[in-house]
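Structure record follows, encoded as C-alpha cells.
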Amino acid sequence: MSVSTHTLIAQEGVPMIFGSILVAGILSFAYGVIITPVWLLVLVVIWLYRDPVRKVPSSPRGVISPVEGSITVAEPHPDPYLGRDAQLVRIHMALTSVYSIRGAVEGKIIQQWLDQESKGKHDIAHAIQIKTDEEDDVVVVLRPGRIFKRLNCEANIGERIGQGHRCGIIPFGSEVDVYLPINASLNVTQGDKVVSGETILAELSAQS
C-alpha cells in the first residue's frame, strides 16, 4: 500500500473555517460569553472539510473511486464523451461525504470538457479523459456541489495524474460519473458504499 500525503483538513476549506472562527470570536467578545451553538458550528465546518489519509491499494489495473459516496449506477452505458460503448459507475456524494477528489487511475490527461448543464452560472460538469500507460481510456465526470455550485479540479491537459492522489474538491455533495472500457470488470453494484482513494470500482482488462 502507498499513502497519499496531505493535510488532514482540505486547504480549500481554510477560508471558510477561519471565517467561521472569526464570526464566532466576534460574537463571543460582543456578548461577553462563549456562545456554544456558534462554536459548535465552527466544529461542524472543520469536520465537513476533513481530508483523511487514504491507503491506496496496490492494484495497477484497478480503478479507484475518485470520491466518497454510494453507487447509484453500475452497468453498461454509452460514453457521450468518447462516443463508445462503456461501463458506467455513478457515485452519489452526500452533503457530509469527504469532499476531496482523487485520481481514479494513473495516467496522462488527454482531454477535458466543461459542459453547461443548466442556466446557473456555476452549474458546469467538468469531464476528464485519462489514458493509462496500457492505453485504457477512463473518463471521470465531476459535477458541482448542490450548495456552492462549483468545484475545484487541479488537472490540466498533458499532465500525469496519480492513482488515488488528491486533485481537487467538490463541496457539499454531488454526483460523479466514471466511464470505463466496456470490457472492464466491475467490482461494485448499486447501493454499495465507496471510499475515495481506497475502494476499487473495477479492474481494467489486460486486453483493451
Next on the checklist: Contact between T96 and W47 at the side-chain level, heavy atoms closer than 4.5 Å - yes or no?
Outcome noted: yes

Next on the checklist: Donor-acceptor check, side chain of S174 to backbone of R143, threshold 3.5 angstrom: yes or no?
Outcome noted: yes

Item to check | 4.5 Å side-chain heavy-atom contact, L201 and N187 | outcome: no

Next on the checklist: Checking the side chain of N156 only, and the main-chain atoms of E159 only, is there a donor and an acceptor separated by less than 3.5 Å?
Outcome noted: no

Checklist entry - Does the side chain of L180 come within less than 4.5 Å of L186's, by heavy atoms? => result yes

Next on the checklist: To the nearest 0.5 Å, what is the distance between CG on D133 and CD on E106?
Outcome noted: 6.5 Å

Checklist entry - Is there a side-chain contact between T189 and I71, using heavy atoms and a 4.5 Å cut-off? => result no

Next on the checklist: Can a donor-acceptor pair be found, under 3.5 Å and without considering hydrogens, that links the side chain of S65 to the backbone of V67?
Outcome noted: yes

Checklist outcome for this item: Here the gap from I101 atom CD1 to L151 atom CG, rounded to the nearest 0.5 Å, amounts to 5.5 Å

Checklist entry - Q87 versus S185: any side-chain heavy-atom pair under 4.5 Å? => result no

Checklist entry - Does the side chain of S28 come within less than 4.5 Å of V38's, by heavy atoms? => result no

Item to check | R54 (side chain) donor-acceptor with E198 (main chain) under 3.5 angstrom | outcome: no

Checklist entry - Hey, what do you get for CD (E175) to NE2 (H92), rounding to the nearest 0.5 Å? => result 7.0 Å

Checklist entry - How long is the span from the CD1 atom in I109 to the CD1 atom in I130, to the nearest 0.5 Å? => result 6.0 Å

Checklist entry - Is any side-chain heavy atom of D85 closer than 4.5 Å to a side-chain heavy atom of P76? => result no

Item to check | Sidechain-backbone polar pair: E68 side chain, V98 backbone, donor-acceptor under 3.5 Å | outcome: yes

Item to check | Backbone N/O of S59 and side chain of Q163: donor-acceptor pair under 3.5 Å | outcome: yes

Next on the checklist: Return the CG to CZ distance between L48 and F172, rounded to the nearest 0.5 Å.
Outcome noted: 5.5 Å

Checklist entry - In Å and rounded to the nearest 0.5 Å, what is the OG to CD distance from S205 to E134? => result 11.0 Å

Checklist entry - So Y49 and Y99, would you call those rings parallel, tilted or perpendicular, with 30° and 60° as cut-offs? => result perpendicular

